[in-house]
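Notes follow once the structure below has been shown.
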Amino acid sequence: MSATTLVCCRSCSRAFMVRASEVVGPAVLVQPDPAPAVSACFRADLAQIGPMRIKVREALASETPPGEITVCGWVRTRRDAKGFSFVEINDGSCLRNLQAVVDHAVPGAEGIASVLTGASVAVEGRLVPSPAKGQRWELQATAFRLLGEADATFPLQKKGHTAEFLRSIPHLRARTNRIGSTLRVRSRLAMAVHEFFQARGFAYVHTPVITASDCEGAGELFRVTTLDLGAPPRGADGAVDWAADFFARQAFLTVSGQLEAETLACALGDVYTFGPTFRAENSQTSRHASEFWMIEPEMAFCDLAGDMDCAEALVKHLVRAALERCPEELEFFNAYVDKGLLERLRLVAERPFARITYGEAVALLQASGRAFEYPVAWGENLQSEHERWLTEEHFRGPVTVRDYPAAAKPFYMRQNDDGRTVAAMDVLVPGVGEIVGGSQREERPERLAAAMKAHGLDLESYRWYLDLRRYGTVPHAGFGLGFERMLMFVTGEANIRDVTAFPRTPGHA
RNA sequence: UGCCUGGUAGCUCAGCGGUAGAGCAGGUGACUGUUAAUCACUUGGUCGCAGGUUCGAUCCCUGCCCAGGCAGCCA
C-alpha cells in the first residue's frame with residue numbers, strides 16, 4: 001500500500017486524497033489505466049474452437065510469437081492467391097483486423113471460396129512476422145473452421161457506408177469500424193467517469209428511474225402506468241383515477257436525478273449519478289434522444305466556482321482518457337469522420353476553458369457585428385447560433401457561461417445578489433453546443449419557497465425538498481453532463497444516433 | 001412541430017416528358033504475398049406509395065409515407 005496524501009487537482013481547487021505515487025509536483029496525475037493488452041477469452045466449446053484462443057487485440061500487441069493459438073472473429077474481407085487466401089478477421093476487441101494466411105491444403109479450407117464478408121470463423125495457427133507491409137503480425141493458419149456463414153445478402157461491404165444506411169441495420173452496424181469504435185470509446189469513457197469521481201471521493205448513487213414528481217424540470221415526461229388505457233378507472237368527475245394505478249398516484253420516467261442526488265449529497269457529501277434519463281419532447285435534431293445517459297454530480301459545501309471547476313476537470317479527464325486509451329479509434333475518426341478532431345481534442349485537454357458571464361456573452365455577441373437570426377439582448381435565451389459563434393468562431397474552444405437571467409431558469413437555482421440572475425452555468429463546446437448544464441442550488445429556505453411559488457409549484461409536494469434547507473442546509477452545487485454529447489464531442493460524430501447502440505428518438509424505439 | 005433537401009440495382013450515385021445507367025458487392029474466368037488487390041465477362045431495378053396532367057410520367061403537379069439537415073425544447 002502506498003501512502004496517501006491530500007492534494008489539489010490541477011484543474012479544480014478541490015482537495016482529495018490520492019496515492020503519493022500519483023502526485024506530480026503540486027498537482028495530480030490521474031493515473032491512466034490503459035485498456036488491458038491481454039483480454040480474457042471465455043470459451044464455450046474448446047473442442048470446436050481450438051487451442052488457446054486469444055483476441056485480435058492481444059495477437060497484434062504481441063512482442064514475441066505466442067505459439068499455437070486460435071483466433072475467432074468475423075471475416076471483413078477475403079483475398080485469394082494461388083493456393084492460399086488472405087482472410088482478415090475482426091473480433092471487436094480492437095479496430096484493426098488480423099490477417100490470416102490460409103493455405104488451401106489446411107484442414108477446413110476446402111470451402112474457403114464461399115467464405116464471404118460477415119462469416120464467423122475460427123482459425124488455428126501461429127503468429128509470424130508479416131513479410132508484407134500493412135501489419136506487423138499475421139496468422140499462418142494450420143486449421144480453418146467456418147462457424148457461421150454469411151451469404152451475399154449480408155448488407156455490410158468492404159466499402160464505406162453512410163451513417164443513414166447503418167442506422168437502418170442497428171443489429172449489424174456494430175460490426176463496422178465506425179460504430180464498433182464509438183462503442184469501444186463509450187465503454188472506456190464510462191469507466192473513466194467512475195475513475196474521475198471515485199478518485200475524488202464521490203459516492204456513486206442510484207436515483208430512481210421511476211418518479212412520481214411531474215415537475216422535476218421543464219421536460220415532458222413518459223408516463224408509467226399499468227392501467228388499461230382503453231378503459232381506465234374514473235372518478236366521479238370523469239377524470240382518470242390515478243389512485244387506482246400501480247403506484248397509487250401518477251408515475252413517470254425520470255428526466256433528472258438531481259433532486260434526489262441533492263438529498264444524498266446532503267448526507268454523503270459528494271455524490272454522482274450515471275444512468276439513463278428520459279425526455280418525451282418531440283425533438284427532431286442530431287443531438288437529442290428520448291433515452292440517454294447522464295452524469296450528475298452533486299457536491300455539498302460547494303459553490304458555482306467549484307461547480308465550474310469540477311465540470312471542466314471532468315470534461316478534460318474524459319478527453320484525455322479518450323486520447324490515451326482509444327488512440328486507434330480517435331485516429332480513425334480523425335481520418336474518416338472529422339478531420340480536425342485530434343487537434344481540437346489536444347487543445348481542449350491542455351487549455352483552460354474560457355469563462356464568461358451571460359452578460360459578457362451578450363455584449364460579445366452584440367459587438368460581433370454579426371447578423372443573427374434571433375435577437376441578442378439581455379434576458380433573451382442564447383440560441384444555437386449564438387453558442388456556435390462563441391465556441392466555434394470567437395473562443396474556438398469550450399466556453400463556460402455563468403449567471404443567467406433568473407426568469408429563464410428553474411426554481412432551484414441560487415439567486416445572485418444582483419436580484420436578476422441565478423448561479424447557473426453551461427459548458428458549451430464546438431460542434432455539439434451545450435454539453436453541461438448546472439448550477440449552485442438555492443440553499444436559503446425562504447428564497448427557495450418564494451421561487452417555487454413564483455414558478456407555480458405546490459410547496460406541499462416538495463416538502464421533502466424544502467426540508468433539506470430546513471434541517472442543516474448547506475451551500476451545494478451540481479451539474480448534468482450528457483454522456484452521448486460527450487461522446488459526440490470526443491468522436492467527432494455529428495449525430496447522437498451514431499454514438500448510441502440502439503438510439504431511441506421520437507417515432508423510433 | 002415549422003422550414004429546407006432528398007427517396008432510381010444489395011450499397012454509393014448519375015440520368016431523362018419517349019420503354020433504365022455507372023462504380024462497388026454477388027457469380028464465372030484469368031492473374032497475383034494480397035491488404036478498398038487487379039483485369040475480362042456477367043446476374044440484378046413495377047425509378048418510395050397513391051392519385052392527377054399528358055398520346056406517353058422515373059421525370060411535371062397534388063397528397064401521403066420515409067430519411068436527412070436547420071430551428072425550437074434541452075443533456
Side-chain angles (χ1 to χ4, degrees), chain A residues 76-89 96-103 113-114 116-118 128 130-135 138 140 150-169 172 176-177 217-220 255-258 273-274 276-296 311 315 336 372-374 381-388 408-410 426-429 432-438 479-489 494-500 505-508:
Chain A
R76 283 297 179 82
T77 177
R78 191 196 87 232
R79 295 178 293 273
D80 296 323
K82 197 179 227 39
F84 63 99
S85 295
F86 298 101
V87 181
E88 284 201 33
I89 300 170
R96 283 180 295 162
N97 305 324
L98 179 66
Q99 171 168 283
V101 182
V102 184
D103 191 292
S114 64
L116 303 179
T117 300
V128 298
S130 180
K133 288 184 178 175
Q135 58 281 316
E138 63 186 23
Q140 192 71 47
D151 67 18
T153 63
F154 183 64
L156 296 172
Q157 301 172 10
K158 292 182 259 187
K159 306 268 177 184
H161 291 286
T162 60
E164 292 79 13
F165 171 68
L166 294 178
R167 279 173 220 148
S168 73
I169 48 170
L172 295 174
T176 62
N177 288 338
E220 292 181 52
V255 295
S256 166
Q258 180 200 315
T273 73
F274 185 12
T277 305
F278 306 88
R279 303 274 168 94
E281 270 114 18
N282 186 19
S283 296
Q284 302 279 12
T285 80
S286 56
R287 57 191 187 284
H288 287 85
S290 307
E291 175 183 314
F292 63 99
W293 282 58
M294 188 155 63
I295 298 140
E296 295 184 284
V315 169
Y336 295 104
F372 293 108
E373 185 182 345
Y374 288 83
N381 281 324
L382 292 184
Q383 304 292 333
S384 281
E385 58 173 348
H386 306 143
E387 297 178 352
R388 295 182 80 92
K409 292 293 182 180
D426 286 349
V427 177
L428 313 176
V429 296
V432 179
E434 183 180 345
I435 200 168
V436 166
F479 62 85
L481 169 72
F483 189 49
E484 282 80 5
R485 288 191 181 173
M486 187 71 214
L487 286 166
M488 291 170 69
F489 182 59
N495 197 308
I496 198 168
R497 298 173 185 89
D498 300 323
V499 295
T500 310
T505 52
H508 296 276

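Lettering follows sequence order; numbering is per chain, from 1. Every value quoted in this text rests on a predicted model; they were computed, and no experiment measured them.
The side chain of A/Gln157 lies closest to B/rC24 when the candidates are B/rC73, B/rC24, B/rU34. Each of B/rG72, B/rA36, B/rU34 was ranked by its minimum atom distance to the side chain of A/Thr285; first place goes to B/rG72. Of the candidates B/rC73, B/rU1, B/rG69, B/rG69 carries the atom nearest the A/Arg497 side chain, counting heavy atoms from C-beta on.
One can place CE of A/Met488 at 18 Å from P of B/rC74, the figure rounded to the nearest angstrom. Computed from coordinates, the A/His288 NE2 to B/rG72 P distance equals 9 Å when rounded to whole Å. The distance from atom CG of A/Leu166 to atom C1' of B/rG10 is 14 Å, rounded to the nearest whole Å. Rounding to whole angstrom units, CZ of residue A/Phe154 and P of B/rA25 are separated by 15 Å. B/rU34 atom C1' lies 14 Å from atom NZ of A/Lys133, rounded to whole Å. Atom CZ of A/Phe483 and atom P of B/rA75 are 17 Å apart (whole Å). For A/Phe165 and B/rA25, the CZ to P distance is 15 Å, given to the nearest whole Å. Rounding to whole angstrom units, NZ of residue A/Lys158 and P of B/rC11 are separated by 18 Å.
Across the interface with RNA chain B, nearest-nucleotide mapping of A/Lys82 and A/Thr117 shows A/Thr117 to be the residue nearer the 5′ end.
Contact annotation: side chain of A/Glu88 to base of B/rU34, donor-acceptor pair absent below 3.5 Å. In terms of polar N and O atoms assigned as donor or acceptor, the side chain of A/Arg485 comes within less than 3.5 Å of the base of B/rC74 in a complementary pairing. If you check distances only, the side chain of A/Arg287 never reaches the base of B/rA75 with a donor-acceptor pair under 3.5 Å.
Stacking here means ring centres nearer than 5.5 Å and ring planes tilted less than 30 degrees, and by that measure A/Phe292 stacks onto B/rA75.
No contact: A/Ser85 has no heavy atom under 4.0 Å from any strand. A/Glu385 comes within 4.0 angstrom of no nucleic acid atom, judged by non-hydrogen atoms across all strands.
Between A/His508 and A/Thr505, the side chains place no donor N or O within less than 3.5 Å of an acceptor N or O (distance only, hydrogens not considered).
Every residue two or more places apart in sequence or in another chain was checked for a side chain to side chain donor-acceptor pair (under 3.5 Å) with A/Asp103, and none qualifies.
Atom OH in A/Tyr374 sits 9.0 Å away from atom NE2 in A/His386 (nearest 0.5 Å).
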